[in-house]
Amino acid sequence: MRVIGVTGGVGAGKSRILDILQTEYGAEIIVADQVAHELMEPGHEGYEMVVRALGNSFLKPDGTIDRPLLSALIFHDQNALETMNGIIHPMVWKTIKDKISSSQADLIVVESAIMGREQNDIYDEMWYVYTSEENRIRRLKENRGYSRERTLSIMKNQLSDEEFRELADRVIDNNGTVEEVKAGLEALLKDKGRKT
């Protein structure tokens with residue numbers, strides 16, 4: 001089994017990389033954000049602990065979390081953000097470890113926008129999806145309707161290119177055509193060494 005972490009900033013095109021790895025290499029894909037969403041569903045421990053810690057002002061009448069309301073709360077209150085992250089992040093990484101240990105797949109790819117040294121024991125290598133700032137701005141405008149200002153504001157709150165590169169064992173250049181990206185991925189998967 002080979003476990004690869006994939007990270008990169010907003011608009012870098014991580015989804016394209018995951019799609020190729022899944023369809024062409026049969027990779028099992030685990031997306032940290034999806035795991036976090038599942039943990040925040042009613043009946044899950046993460047949901048119970050977050051509501052206990054932060055109250056119920058962000059719940060819909062049916063008891064589910066109103067994500068825009070929760071986002072507004074945590075982005076305007078640093079303590080609330082730290083409290084929620086302190087609860088959910090350890091649960092996310094424990095769940096991911098459990099999924100990996102129970103998997104039969106030869107290749108597992110764990111995607112997360114937030115990766116740090118503390119997750120080093122989860123994967124065999126970390127890949128950073130690099131896309132130029134201008135390409136990211138253009139893609140987010142075309143695909144999500146984001147303004148340049150909104151994209152730049154999100155980027156400002158993420159790791160810089162240098163910080164991502166420091167965390168990564170490999171860099172995938174995602175500025176080119178699908179064929180170029182596929183060729184780059186094929187080369188990375190053939191070479192099991194470290195740091196390029």
Side-chain touch R170/W127, heavy atoms, less than 4.5 angstrom: yes
Do any side-chain atoms of residues 9-20 form donor-acceptor pairs under 3.5 angstrom with protein atoms, and if so which ones, sequence neighbours left out?
residue: K14; atom: NZ; partner: G8; partner atom: O; Å: 2.9
residue: K14; atom: NZ; partner: G9; partner atom: O; Å: 3.2
residue: R16; atom: NE; partner: N174; partner atom: OD1; Å: 3.0
residue: R16; atom: NH2; partner: N174; partner atom: OD1; Å: 2.6
residue: R16; atom: NH2; partner: G176; partner atom: O; Å: 3.1

Could you list all the salt bridge (Lys or Arg N to Asp or Glu O under 4.0 Å) pairs where at least one residue sits in residues 171-189, not counting sequence neighbours? E24-K182, E186-K190
Looking at L73 and A80, what are the two nearest heavy atoms and their distance? CG-CB, 4.3 Å
Excluding sequence neighbours, so at least two apart, what forms side chain to side chain donor-acceptor pair (under 3.5 Å) with S57? none
Salt bridge flag under 4.0 Å for residues E28 and K99: no
Close side-chain approach of D77 to L54, heavy-atom, < 4.5 Å: no
Is there a side-chain contact between L39 and Y47 in this structure, where contact means two heavy atoms from C-beta onward sitting under 4.5 Å apart? no
When you compare the side chain of I4 with that of Y123, does any pair of heavy atoms fall below 4.5 Å? no
Is it true that a side-chain atom of T151 and a backbone atom of S147 form a donor plus acceptor pair closer than 3.5 Å? yes
Is there a donor in the side chain of N175 and an acceptor in the side chain of Y130, or the other way round, less than 3.5 Å apart? no
E163 (side chain) donor-acceptor with S160 (main chain) under 3.5 angstrom: yes
By salt bridge (Lys or Arg N to Asp or Glu O under 4.0 Å), D98 pairs with (sequence neighbours left out) K94
Given E142, which partner from the list R144, R138, R139 fulfils the salt bridge (charged side-chain N to carboxylate O under 4.0 Å, His left out) test? R138
Residues in side chain to side chain contact (heavy atoms under 4.5 Å, CB included) with E82, at least two apart? Q78, N79
Taking side chain to side chain donor-acceptor pair (under 3.5 Å) as the test, write out the residues that go with Q158, two or more places apart. none
